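Below is one structure; the comments refer to it alone.
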Amino acid sequence: DGAHAAGGHASNGHANGAVEEKVDELRRVMGKADGDPLRIVGVGAGAWGSVFCALLQDAYGHLRDKVQLRIWRRPGRAVDRATAEHLFNVINAREDVLRRLIRRCAYLKYVEGRLGDRTLYADEILRDGFCLNMIDTPLCPLKVVTNLQEAVWDADIVINGLPSTETRVVFGEIGRYWKERVNAPVIISLTKGIEASLDPVPRIITPTQMISKATKVPLDNILYLGGPNIASEIYNKEYANARICGTDKWRKPLAKFLRQPHFIVWDNSDLITHEVMGGLKNVYAIGAGMVAALTNESATSKSVYFALCTSEMIYITHLLEEEPEKLAGPLLADTYVTLLKGRNAWYGHKLAKGELTLEMGDSIKGKGTIQGVSAVDAFYKLLSQDSLSVMHPEANKSVAPVEMCPILKTLHKILIKRHKDMFILLANCYSSMMLLYCT
């Protein structure tokens with residue numbers, strides 16, 4: 001037993017040494033002096049943003065002299081009574097979490113929250129490792145800052161975990177705090193979503209482009225990370241992979257720094273295709289949820305939808321880019337898992353079942369922002385422009401590209417124009433899509 005324990009300590013020492021080497025290597029690349037810690041800041045505390053920061057805290061938090069991590073979220077978001085009761089049950093079901101809170105003298109406030117004697121707030125529970133959008137998956141404790149300027153002013157690496165609909169505004173504010181900076185930070189965007197710009201020419205605007213314009217940080221310093229992953233499953237150490245996309249200078253050292261035994265990070269130079277696909281998959285995931293609900297989880301119907309929606313996605317990316325990355329490997333896997341289990345698919349399923357209504361908006365308690373809704377509107381507006389017209393194979397005339405995208409048109413009618421008869425719309429959409437697909 002003693003020999004085994006000694007071997008275990010040696011193994012742990014080797015692992016810790018390898019972790020410290022990764023930190024030292026990134027510090028060298030970023031030009032950090034001895035005694036000056038690498039400051040990593042998460043902006044936005046949704047499920048994926050919180051999990052991403054917690055993964056880094058678990059991996060590098062013990063190296064306090066070399067790495068410091070904090071996360072910003074807005075203050076003042078109250079936790080409702082039902083969520084406080086559920087959170088209390090989650091805590092008591094996990095002995096490790098219960099012991100941790102008792103050690104930190106933090107357990108009593110959750111008892112009071114359960115009884116309704118105290119209001120809990122999202123930022124204070126995040127400090128104890130609970131993300132409001134993912135209560136069932138306790139994380140490690142995090143350093144939470146509610147003042148945006150305090151959070152980001154001296155950051156070396158910023159993790160964008162905001163919805164695409166909030167990215168421009170928040171980073172516009174951050175840009176004001178960075179005006180006096182000499183060295184631009186590195187920004188990793190986790191955000192999936194796009195905006196459409198119609199003037200002077202129709203084009204898409206991705207989150208990395210929004211950030212660059214808002215902050216004046218060069219696009220070379222901004223990267224996108226995405227992949228086939230569900231936040232709670234990754235934190236529970238289910239095997240997953242992702243791609244970090246951007247320039248050679250940053251993506252390779254950051255891929256190495258972010259890589260963990262259960263979370264493999266590859267790198268790729270095609271930033272825009274991955275961001276566009278990140279927005280598109282959320283669009284078609286809503287439809288996938290609807291199809292699953294309306295066909296009673298028919299495997300045949302879901303597989304037909306998968307074939308047709310991926311064809312539409314490929315068509316759109318080829319229309320918007322000259323040489324897009326193929327929809328294969330991680331890009332295809334990312335689409336598959338989002339259609340299978342993402343929050344956008346969940347939203348479509350609930351809409352089709354009548355358990356949610358469009359009047360509730362696209363920010364849902366316990367889930368956060370359903371980014372596919374705004375992406376449907378953005379892609380529809382962009383592809384409706386006559387200046388992008390293409391030849392229709394059946395009608396033999398020029399049409400706006402959206403006429404070649406029946407699923408996108410149908411989702412726009414349901415989500416934006418709020419057409420009520422979802423089943424008839426989807427059935428008509430299938431007929432149109434099959435005709436185009438065969439042609």
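Given the structure is predicted, the values throughout are model-derived calculations rather than measurements. Values below: all heavy atoms of this structure, side chains included; hydrogens, waters and symmetry mates excluded.
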**OP:** Any chance you could lay out the salt bridge (charged side-chain N to carboxylate O under 4.0 Å, His left out) test for Arg203 and Glu195, step after step, and finish with the verdict?
**Re:** CA-CA 9 Å; Arg203 62 192 177 94; Glu195 288 182 358; over 6 Å; no

**OP:** Please assess Arg28 against Asp24 for the test salt bridge (charged side-chain N to carboxylate O under 4.0 Å, His left out), listing each intermediate value before the final yes or no.
**Re:** CA-CA 6 Å; Arg28 282 194 295 273; Asp24 290 339; 5.3 Å; no

**OP:** Please test Arg118 against Leu120 for side chain to side chain contact (heavy atoms under 4.5 Å, CB included), starting from the C-alpha separation and ending with a verdict.
**Re:** CA-CA 6 Å; Arg118 171 179 177 157; Leu120 298 170; 4.2 Å; yes

**OP:** Dump the intermediate steps for side chain to side chain contact (heavy atoms under 4.5 Å, CB included) on Lys341 and Glu233, then the final yes or no.
**Re:** CA-CA 11 Å; Lys341 197 181 174 181; Glu233 294 180 357; 2.5 Å; yes

**OP:** Any chance you could lay out the side chain to side chain contact (heavy atoms under 4.5 Å, CB included) test for Tyr380 and Val402, step after step, and finish with the verdict?
**Re:** CA-CA 7 Å; Tyr380 183 88; Val402 76; 3.6 Å; yes

**OP:** List the steps and the verdict of side chain to side chain donor-acceptor pair (under 3.5 Å) for Glu297 and His349.
**Re:** CA-CA 10 Å; Glu297 304 293 337; His349 196 280; 2.9 Å; yes

Original post:
Given the rule in the side chain to side chain donor-acceptor pair (under 3.5 Å) test, do Thr208 and Glu275 qualify, once you have shown the distances and angles that lead to the verdict?
Top reply: CA-CA 8 Å; Thr208 59; Glu275 282 195 283; 2.5 Å; yes

**OP:** Go through the steps for Tyr347 and Val373 under the test side chain to side chain contact (heavy atoms under 4.5 Å, CB included), then give the verdict.
**Re:** CA-CA 10 Å; Tyr347 178 72; Val373 177; 3.8 Å; yes

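When all heavy atoms of Ile414 and Met290 are compared, the closest pair comes out as CG2-CE, 3.8 Å. Residue Ala231 comes nearest to Met134 through the heavy atom pair CB-SD, 4.1 Å, listed as atom of the first residue, atom of the second, then distance. Here the closest non-hydrogen pair linking Cys53 and Ile71 is SG-CD1, 4.0 Å. Taking both residues in full, the closest heavy atoms of Leu408 and Val376 are given as CD1-O, 4.0 Å, listed atom of the first, atom of the second, then distance. Closest non-hydrogen pair, Ala155 versus Pro185, comes out as O-CB, 3.6 Å. Shortest non-hydrogen contact noted between Cys131 and Leu126 is CA-CD1, 4.2 Å.
Residues Trp178 and Ile174 have side chains in contact (heavy-atom distance under 4.5 Å, counting atoms from C-beta outward). Taking the side chain as every heavy atom from C-beta outward, Lys353 and Leu294 never approach each other to under 4.5 Å. Asp156 has its side chain out of reach of Val186: every pair of non-hydrogen atoms, C-beta onward, lies at least 4.5 Å apart. Side-chain contact check for Ile40 versus Tyr60: every heavy-atom pair is 4.5 Å or farther apart. Looking at Arg343 and Ile370, their side chains come closer than 4.5 Å, going by heavy atoms from C-beta outward. The side-chain heavy atoms of Pro138 and Val90, taken from C-beta on, include a pair separated by under 4.5 Å. The side-chain heavy atoms of Leu225 and Leu258, taken from C-beta on, include a pair separated by under 4.5 Å. Taking 4.5 Å as the limit, every side-chain heavy atom of Ile159 sits out of range of all side-chain heavy atoms of Val41.
Taking the ring centroids of Phe379 and Tyr284, they lie at or beyond the 6.0 Å cut-off. Ring to ring, Tyr239 and Phe263 are not that close: their centroids are 6.0 angstrom or more apart.
Within 6.0 Å of atom NZ in Lys381, 12 or fewer heavy atoms from other residues, nucleotides or ligands are found, so the atom counts as exposed in its surroundings. In this structure, Trp153 places its CH2 atom where only 12 or fewer heavy-atom neighbours from other residues, nucleotides or ligands lie under 6.0 Å away. Atom CZ of Arg181 has more than 12 neighbouring heavy atoms from other residues, nucleotides or ligands inside a 6.0 Å radius. Heavy atoms from other residues, nucleotides or ligands lying under 6.0 Å from OH of Tyr336 number 12 at most. By the 6.0 Å contact criterion, CG on Asp34 is open, its count of non-hydrogen atoms from other residues, nucleotides or ligands being 12 or less. The 12-atom threshold is exceeded at NZ of Lys22, counting heavy atoms of other residues, nucleotides or ligands nearer than 6.0 Å. Within 6.0 Å of atom NZ in Lys213, 12 or fewer heavy atoms from other residues, nucleotides or ligands are found, so the atom counts as exposed in its surroundings. By the 6.0 Å contact criterion, CG on Asp96 is enclosed, its count of non-hydrogen atoms from other residues, nucleotides or ligands being greater than 12.
Looking at Arg259, its side chain does come within 3.5 Å of a backbone N or O of Val265 through a donor-acceptor pair. Between the side chain of Arg27 and the backbone N or O of Asp36, at least one donor-acceptor pair lies under 3.5 Å. A donor-acceptor contact shorter than 3.5 Å links the side chain of Ser50 to the backbone of Ala45. A donor-acceptor pair under 3.5 Å is absent between the side-chain atoms of Arg70 and the main chain of Gly42, judged by distance alone. Proximity of a side-chain donor or acceptor of Trp266 to a complementary backbone N or O of Arg243 within less than 3.5 Å is not detected. Proximity of a side-chain donor or acceptor of Asn229 to a complementary backbone N or O of Gly227 within less than 3.5 Å is detected. At least one donor-acceptor pair closer than 3.5 Å links the side chain of Thr410 to the backbone N or O of Pro406. Under a 3.5 Å cut-off, the side chain of Gln57 and the backbone N or O of Pro141 do not form any donor-acceptor pair. At distances below 3.5 Å, at least one donor-acceptor pair connects side-chain atoms of Arg100 with backbone N or O atoms of Asp128. No donor-acceptor pair under 3.5 Å is formed between the side chain of Asn236 and the backbone N or O of Glu238.
A side-chain N or O of Asp80 and one of Thr83 form a donor-acceptor pair less than 3.5 Å apart. Side-chain atoms of Gln371 and Thr165 form no donor-acceptor pair, as typed in the model, at a separation below 3.5 Å. No hydrogens or angles considered: nothing links the side chains of Asp334 and His274 as a donor-acceptor pair under 3.5 Å. Side chains of Asn160 and Thr191: a donor on one and an acceptor on the other come within 3.5 Å. Using modelled atom types, one finds no donor on one side chain facing an acceptor on the other under 3.5 Å when comparing Tyr177 with Asp154. Under the 3.5 Å distance criterion, with hydrogens and angles disregarded, a donor-acceptor pair is assigned to the side chains of Ser298 and Ser301.
A salt bridge is absent between Glu124 and Arg77: the closest approach of a Lys/Arg side-chain nitrogen to an acidic carboxylate oxygen does not fall below 4.0 angstrom. Ion pairing between a basic and an acidic side chain is recognised when a charged N comes within 4.0 Å of a carboxylate O; Lys252 and Asp248 show no such pairing.
Taking OG of Ser232 as the reference point, atom CG of Leu139 lies at 10.0 Å (rounded to 0.5 Å).
When each of Thr335, Thr310, Thr338 is paired with Lys281, the side chain to side chain donor-acceptor pair (under 3.5 Å) condition holds for Thr338 and for no other. Ile211 pairs with exactly one of Asn221, Thr206, Ile187, Val158 by the side-chain contact (heavy atoms from CB on, under 4.5 Å) rule, that one being Ile187.
A cation-pi contact, defined as under 6.0 Å to the ring centre and within 45° of the axis, links Lys367 to Trp346.
Taking the six-membered ring for Trp and thresholds of 30 and 60 degrees, Phe130 and Tyr110 have ring planes more than 60 degrees apart, a perpendicular arrangement.
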